[in-house]
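In this text the structure is predicted, and so the values were computed from the model without any measurement. Quick note on labels: first sequence line is chain A, next is B, and so on, each numbered from 1.
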Amino acid sequence: MPEISSTSRRGLLLGTAALSAGALITGCTSNEPEKKDSAAPANAPVADGAPGKAVTIGFAGPQADHGWLNAINDNAKQRAKKYSDVTLEITEGSNDTAAQIGQVQTLINKKVDVLVILPADGKALTQVGLQAMKAGIPVINLDRIFASPQAYRCWIGGDNYGMGLNAGNYIGEQLKDKPNAKVIELAGVDNLELTKQRTQGFDDALKNYPNIRKVARQAADFTVESGQAKMAQLLQAQSEFDALWNHDDDQGVGALRAIAQAGRKDFIMVGGAGAKSAMDAIKADNSVLKATVLYPPTMAASAIDIARAVAQGKGVGGMAEMEIPASITLYSAVVTKDNVDQYLPTGFI
Amino acid sequence: MTQPASAARQDAPGLVKTPPQKEPKGAGPAFGMRLDLRNLSLLGVLAALIVVGGFTKPDEFLAVSNLQLVLTQASIIGVVTVGMTFVITSGGIDLSVGAMVALASVWATTLATQEYGFAGILFTAIVVGVGCGLVNGVLIAYGGLVPFIATIAMLASARGLALQITDGKTQIVTVDSVLDLGVKDAYVLGIPPLVLIFAAVVVIGWLVLNRTTFGRRTFAVGGNPEAARLAGIDVRRQRLYLYVLSGLCCGIAAFMLVVLSGSGQNTNGNLYELDAIAAAIIGGTLLSGGRGTIVGSVLGVLIFTTITNIFALNNLETAVQQIAKGAIIVVAVLVQHHTLRRRGET
């Protein structure tokens with residue numbers, strides 16, 4: 001899988017870059033990797049909170065029919081409010097490709113300074129991204145990636161492979177002293193590319209721990225109902241195992257319910273995405289759920305930061321580069337009881 | 001299949017509990033508990049599945065806890081299928097069952113409803129289900145819409161309303177009396193309460209379809225609406241009642257789903273319409289109306305659930321599961337038709 005491993009390496013590098021960018025732009029000081037202050041050229045203009053040139057950002061997102069997408073919209077709006085020099089032109093979310101193309105074209109006609117687009121379907125929205133770039137409007141492509149790099153100035157999004165990798169490594173560390181440890185996986189919608197990436201990352205991480213074997217994998221549908229049903233089956237099939245990775249915290253509500261109904265407590269569970277209910281459970285520490293791997297909706301807030309910086313011609317603090325990078329893959333942090341307080345504000349309902 | 005559906009249908013009256021089409025009044029289904037060949041062949045399919053399950057995973061599949069699980073997982077879609085059997089028997093179709101389950105469950109789990117506890121949640125689920133069914137029924141019986149259109153419109157709008165109510169969020173139930181109904185402590189003689197509800201709905205459904213005037217009228221309307229009308233049956237009112245009945249079943253199923261999943265979500269009941277229709281058809285209910293069996297539908301649901309269970313126990317991949325499920329549906333229907341044709345020839 002050369003493609004995936006290169007993505008992962010890039011993800012790691014850019015994730016670090018994103019974190020330091022985020023640290024400077026947001027003033028968030030936690031999780032800060034080492035800086036290279038001395039190596040940076042002195043004159044790179046750096047984006048910060050101080051008001052600059054007035055910027056109008058057009059935002060086109062999909063319909064918020066899932067907790068995470070709601071959080072995306074909220075994050076973008078809240079972030080834009082923070083800057084006195086930013087005006088946000090937001091269109092109504094739509095899962096209809098044609099409707100979303102129309103909305104982006106409207107924003108182009110309004111001559112916004114920069115566009116943030118979270119496409120319902122990245123491939124289908126590529127042409128309108130190209131159209132905007134040709135019209136001289138830089139496009140910040142959020143999460144679902146366009147088919148052509150010409151269609152965006154900067155891509156920012158989550159790391160599905162990294163979610164699996166970090167979940168696997170966390171579980172591996174917990175079980176490393178246990179001989180013949182067994183893990184099971186409750187995956188998300190199986191016909192999505194992202195589900196395959198999450199599973200691939202998980203499997204690759206488990207290869208680091210020869211004492212651990214994945215004994216079962218079933219796919220659910222990202223819904224509570226399917227999570228309950230599939231987990232009940234898995235519990236029946238596997239009378240004994242040591243850890244469970246569940247791809248999605250929404251279906252995790254159902255999975256936790258099935259686990260409670262079966263009265264099982266003999267394993268640890270790691271979730272995915274970063275829902276508030278999952279973080280609450282991790283903090284309370286009264287269930288099998290011990291951690292969740294983030295797919296942070298704060299990426300929408302960062303996209304606003306990047307859009308503003310691009311429009312104002314500024315770069316990233318803490319990096320030597322003069323420009324905003326072309327691509328930023330977020331880091332899939334593992335949230336545990338120890339650091340949950342730090343991440344709770346990003347937990348979505 | 002070389003045998004067209006209409007031929008199979010003509011074979012039916014002598015064999016299955018179906019009234020002769022020309023004289024709907026007093027021509028109810030055969031009384032008595034005899035299992036017809038159709039149901040016996042379904043039992044054969046189920047038995048074969050049980051052998052496969054017992055053979056591949058003897059320890060897990062034959063455990064009491066697994067039996068409880070299979071029956072619990074069959075119970076919610078089973079209740080929906082009972083309502084669907086009535087509607088299809090009358091010559092109609094209800095494509096909105098999944099959406100009605102979704103809407104009833106999210107309305108029942110809103111914070112306002114949770115304030116009233118167990119009764120509030122149960123009452124809301126049933127009222128919303130019945131209300132949706134009433135709208136379907138009025139549109140079809142008195143508005144002249146074909147069932148396909150009316151219920152597909154309900155599918156769209158009920159799902160939309162469910163999304164609007166929840167705002168895409170999962171509504172978690174905090175009412176302990178509701179949640180307790182889904183855990184092991186609540187089992188009655190080892191039977192989960194949800195299974196008891198399912199059993200009650202099946203028994204009542206069987207009695208209503210096979211032993212009451214309402215049931216006879218359902219067969220009559222499905223067999224030949226014009227003859228039913230001439231025989232003095234208020235066909236429109238009968239149709240109204242049938243869609244309300246389907247909505248009622250969806251309301252009950254929604255409550256059961258809330259108990260099981262401890263939450264309400266706009267994605268609840270996803271694709272129930274297809275599962276319920278498939279189970280009813282496999283069970284021997286005729287899509288064009290006039291013939292329907294509750295026992296067959298229950299067997300259809302149990303076959304589906306058992307397949308899913310065996311797949312999960314053997315850790316099959318999703319793609320393989322879907323292919324195998326399709327193949328088994330075809331086999332089940334083929335076995336039935338074959339049994340039926342042979343009987344018709346002798």
Side-chain angles (χ1 to χ4, degrees), chain A residues 62-73 93 184-185 187-191 195 199 214-239 249-258 260-264 275-277 280-281 348-349, chain B residues 57 59-61 63 65-70 72-73 76-77 101-102 105 159-160 162-164 166-173 179 181-186 192 257-272 305 308-319 321-322:
Chain A
Q63 191 174 32
D65 54 3
H66 187 271
W68 186 83
L69 288 168
N70 263 324
I72 283 283
N73 286 342
I184 63 174
E185 186 181 13
V189 185
D190 230 357
N191 57 12
T195 300
T199 294
K214 187 164 92 175
V215 291
R217 176 190 187 274
Q218 289 289 301
D221 294 330
F222 284 156
T223 65
V224 176
E225 187 187 351
S226 67
Q228 195 279 340
K230 295 288 186 171
M231 194 62 222
Q233 294 280 16
L234 275 171
L235 290 169
Q236 191 63 45
Q238 307 297 328
S239 53
D249 284 337
D250 247 5
Q251 72 186 24
V253 172
L256 278 171
R257 179 92 180 114
Q261 280 159 345
R264 295 276 290 268
K276 186 171 179 300
S277 66
D280 286 340
F348 53 86
I349 301 171
Chain B
K57 287 276 162 183
D59 294 341
E60 289 88 358
F61 184 77
S65 58
N66 194 47
L67 189 66
Q68 291 167 335
L69 176 66
V70 170
T72 305
Q73 297 203 325
I76 296 174
I77 188 70
V101 168
S105 70
R159 280 244 176 255
L163 176 57
Q164 193 165 45
T166 57
D167 198 15
K169 297 179 169 106
T170 302
Q171 298 181 150
I172 296 182
V173 175
L179 296 174
L181 209 56
V183 296
K184 279 221 162 71
D185 296 345
L257 186 53
V258 168
V259 168
L260 192 65
S261 70
S263 63
Q265 204 185 24
N266 65 293
T267 50
N268 277 350
N270 191 27
L271 296 183
Y272 273 21
T305 321
T308 313
N309 181 256
I310 293 172
F311 286 166
L313 290 183
N314 286 287
N315 198 32
L316 258 65
E317 283 172 38
T318 313
Q321 288 193 18
Q322 287 171 347

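- Per-residue counts of heavy-atom pairs under 4.5 Å with chain A were compared for B/Q265, B/E60, B/Q321; the largest is that of B/Q265.
- In this structure, A/A258 and A/L235 approach most closely via the heavy-atom pair O-CD1, 3.7 Å.
- For the set B/N266, B/D59, B/L69, the entry with the most heavy-atom pairs within less than 4.5 Å of chain A is B/L69.
- Neither the backbone nor the side chain of A/Q238 comes within contact range of chain B; no heavy atoms are under 4.5 Å apart.
- Note: B/N309 leads B/T170, B/N309, B/N268 in heavy-atom pairs under 4.5 Å with chain A.
- Looking at B/S263, only its side chain comes within 4.5 Å of chain A, counting heavy atoms on both sides.
- With a 4.5 Å cut-off on non-hydrogen atoms, B/K57 does not touch chain A at all.
- Interface check for chain A: of the options B/V70, B/L260, B/T267, B/N270, the most heavy-atom pairs under 4.5 Å are formed by B/L260.
- Side-chain atoms of A/T195 come within 3.5 Å of backbone N or O of A/V189 as a donor-acceptor pair.
- For chain A, the option among B/I172, B/N314, B/L313, B/V183 with the highest count of heavy-atom pairs below 4.5 Å is B/L313.
- Distance check: A/D250 CG to A/D221 CG gives 12.0 Å after rounding to the nearest 0.5 Å.
- No donor-acceptor contact under 3.5 angstrom links the side chains of B/Q73 and B/T308, judged on distance only.
- With a threshold of 4.5 angstrom between heavy atoms, B/D185 does not approach chain A through any atom at all.
- Chain A forms the most heavy-atom pairs under 4.5 Å with one residue out of B/L163, B/I76, B/N66, and that residue is B/N66.
- Using a distance-only test at 3.5 Å, with no hydrogens or angles considered, no donor-acceptor pair links the side chain of A/R257 to the main chain of A/G227.
- Neither the backbone nor the side chain of B/A186 comes within less than 4.5 Å of any heavy atom of chain A.
- Judged purely by atom type and a 3.5 angstrom limit, A/Q251 uses its side chain to pair as donor or acceptor with the backbone of A/A187.
- Of the possible polar contacts, none joining the A/Q261 side chain to the A/L256 backbone as a donor-acceptor pair under 3.5 Å is found.
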